[in-house]
Each structure stands twice: as C-alpha cells, then as structure tokens.
Amino acid sequence: MSAPAATGQTPLRVGLLGCGTVGAAVAQALSTRPALYAERVGSPIEVCGIAVRNVDAPRELHAGLSGLLTTDASSVVHGADLVVEVMGGIEPAQSLVRLALEQGKPVVTANKQLIAASGQELVEVARQQATSLDYEAAVAAAVPVLRVVRESLAGDRISSITGIVNGSTNFVLDMVARHGLGFAEAVERAGQLGYLEADPTEDLDGLDAAAKIVILARTAWMVDVGLADVHREGIAHLTDDDFEAAASCGQVIKLVASAWASGDPAHPHVEMAVRPVALGADDPLAQVREGRNGVVIEAESAGLVSLFGPGAGGPETASAVLGDLVNAACRLRQ
Ligand code: HSE
C-alpha cells in the first residue's frame with residue numbers, strides 16, 4: 001500500500017450500499033477519521049451517498065451523513081468512485097455490485113452469501129473491467145483470514161482449514177458450556193442481544209458458516225466449489241443431554257467449519273463440512289469464547305497457523321471493510 005502526500009487532492013467518493021450495523025459503523029469511521037484516511041490514501045475519502053430501503057428507519061448517524069440517505073441505490077453507484085456493499089442478501093446487492101464493476105469501479109463487500117453464491121462470476125467481471133472486488137469482511141469479520149490464506153500463504157501448500165466462523169452460534173454454545181444456560185434459553189438470549197441474523201436459521205442451521213468455508217476453500221485451492229458441496233449439520237437439533245454428555249467427558253461442543261484437500265496437489269480434491277463437534281478442553285478452538293471466531297490453517301511448510309479475534313459486530317466488521325477500502329482507494333489513486 002502506498003502512502004502518497006494527502007494535500008490538495010480531489011476527494012475519492014465512496015458510495016455506501018446499506019446502512020445497518022456495519023454500514024453505519026463504516027460511515028461513522030469515514031466521517032470521524034478523515035485525516036487518517038487522507039494520509040493513507042493520498043486523497044480525502046468522502047461518502048457521497050448512502051442507499052437504504054427506508055430513509056426514515058431509526059439509525060444512529062450524525063446529521064451530515066443522514067442527509068446522504070436515499071432509496072435510489074443506482075444513483076449512489078453512478079455518483080461514486082468506489083462502492084461499499086453492506087446491505088447483505090443476494091438481491092439487489094448482486095445487481096448493484098455488478099453495475100459498479102461494469103462501470104470499472106472497485107467494490108468492497110462484507111456479503112458472504114453473495115460471494116459464496118456468485119463470487120467467481122463477479123470477480124471475473126471485475127477482472128474484465130480491470131477493477132477489483134474485495135471481501136475480507138465476509139469471513140470472520142476483523143480476523144484477516146482471507147488475506148493470510150491468499151497472500152501470506154501463497155507460496156505454501158495448504159492442506160486444511162478448520163475454524164469457528166460463526167460468532168452467533170459460538171455465543172450460544174459458550175453460554176451453555178460456561179454459563180450453564182439451557183440450550184433454548186441461550187438461543188433466546190442470543191436473539192435478544194441481536195447476535196442472530198434476521199433469519200436465525202442462517203446461523204443455527206450452519207448456512208452462514210457454510211458460505212464462509214466455501215469462500216475460504218476457493219481462496220485456498222482455487223477450486224470451483226459451492227454451498228451444495230458442504231456437508232452441513234447445524235446446532236438446532238442439539239439437546240441439553242448432548243451438552244451434558246460432552247461436559248461429563250471434559251469436552252465442549254462447537255460448530256466447526258472445515259475444508260481439506262487430498263489427492264494430486266496440482267488438482268486437489270476438496271471436501272468441506274460444517275457440523276457440531278465435541279472438542280477436548282485443550283483444543284485451541286475450544287477456547288474460543290462468546291461471539292469470537294478462530295481459524296487454524298495447516299500448511300506444508302508453515303505448519304499450523306492460528307488466527308483468533310472478533311468475527312462479528314458493527315465496528316469489528318467495519319474494520320475489515322475499511323482495510324479493503326483503503327487498499328482499493330490506494331490502487332485507484334495509483
Ligand atoms: N451471523 C454472523 C456470525 C455475522 O454470527 O458470525 C457475521 O458474519
């Protein structure tokens with residue numbers, strides 16, 4: 001990343017698609033740390049529009065940002081130099097990301113379901129238009145696992161990736177294991193605290209974790225895999241008896257996502273799974289608490305590389321979005 005001088009430059013205009021927990025955190029950071037971004041990018045970064053479904057929905061934004069809210073998402077894309085998509089879901093996110101890329105504009109997204117479903121196709125559009133699509137925030141939020149897999153371990157041979165990549169279910173399982181809540185009560189508590197997705201089955205049935213392991217597997221092995229290839233079992237069917245049985249053996253149940261390669265290293269066969277696993281108390285993943293994430297990557301030369309940290313939350317996910325944004329803005333300036 002270059003850090004050219006920041007004086008007297010035309011601002012880079014960022015169009016924000018979505019203003020939920022993550023979008024609001026991105027907007028707040030951009031408006032409260034202008035000098036930091038101007039210094040790192042070499043031009044000021046300004047938010048030029050924020051597309052939302054309902055302009056009047058309650059949200060915590062200061063007046064300068066509230067004035068940028070609009071329901072006309074296409075106009076936000078048209079008016080921007082770079083686009084940040086944090087609306088989630090497949091449509092209209094997919095069409096808007098495609099529109100931006102077709103206009104040659106870099107896109108940063110935190111949308112795991114979109115990237116798992118159409119990431120390869122959208123990356124190809126970006127490539128054809130000589131622009132970029134970045135999505136570090138889509139997997140494990142503030143934990144920079146995609147960058148490590150793609151860049152730091154680019155010269156190594158990864159054999160497996162195993163992790164806790166869904167913070168909500170980890171919160172539920174941790175409440176049961178360490179705080180003694182019944183399973184149903186822990187799910188209810190997670191919902192009350194806003195930990196669960198709008199559709200809780202995304203978390204509880206392992207769909208969210210499946211999307212993330214698909215993205216990790218594609219990044220590690222450049223294979224054409226999708227959600228349908230994941231052997232998936234969620235935690236919704238677990239009972240208090242299951243947790244008691246695990247505890248009596250000194251184990252904790254975690255929702256573990258894993259991907260592993262076998263066969264010819266040049267054309268590996270990749271398998272993926274998401275399932276509840278009873279881990280020994282000394283397993284590094286057994287130590288992952290509350291809504292945090294942890295990922296262990298095994299590579300031929302590096303051995304075991306472990307990454308742990310916040311895997312969800314507004315400012316935490318915004319941290320990863322902003323990292324991608326600063327890098328994309330630097331490339332744009334160059
Ligand atoms: N529901 C997701 C999780 C949010 O709990 O990990 C972050 O992707």
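Heads up: numbering here begins at 1 and tracks the sequence. One-based numbering, in listed order, for ligands and for the atoms of each. Bear in mind that the values here come from a model prediction, so they are computed numbers and not experimental data.
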Close N/O pairs between ligand 1 and protein, under 3.5 Å:
| from | atom 1 | to | atom 2 | distance (Å) |
| --- | --- | --- | --- | --- |
| ligand 1 | 1 (N) | S168 | OG | 3.3 |
| ligand 1 | 1 (N) | E197 | OE2 | 2.6 |
| ligand 1 | 1 (N) | D203 | OD1 | 2.8 |
| ligand 1 | 5 (O) | G167 | N | 3.1 |
| ligand 1 | 5 (O) | S168 | N | 2.8 |
| ligand 1 | 5 (O) | S168 | OG | 2.4 |
| ligand 1 | 6 (O) | G167 | N | 2.8 |
| ligand 1 | 6 (O) | K212 | NZ | 3.1 |
| ligand 1 | 8 (O) | K112 | NZ | 2.7 |
| ligand 1 | 8 (O) | K212 | NZ | 2.8 |

| Less than 4.5 Å apart, any side-chain heavy atom of V55 and any of T70? | no

| field | More than 12 heavy atoms of other groups within 6.0 Å of E91 CD | value | yes

| Looking only at heavy atoms, what is the nearest atom pair of D224 and D229, with distance? | O-OD2, 4.5 Å

| request: Please indicate whether R53 has more than 12 foreign heavy atoms, meaning atoms of other residues, nucleotides or ligands, lying under 6.0 Å from its CZ. | output: no

| field | Residue that, paired with R147, satisfies side chain to side chain contact (heavy atoms under 4.5 Å, CB included) out of N327, T219, L153, D134 | value | N327

| said: Looking at R189, I want to see if its CZ is surrounded by more than 12 non-hydrogen atoms of other residues, nucleotides or ligands under 6.0 Å. | reply: no

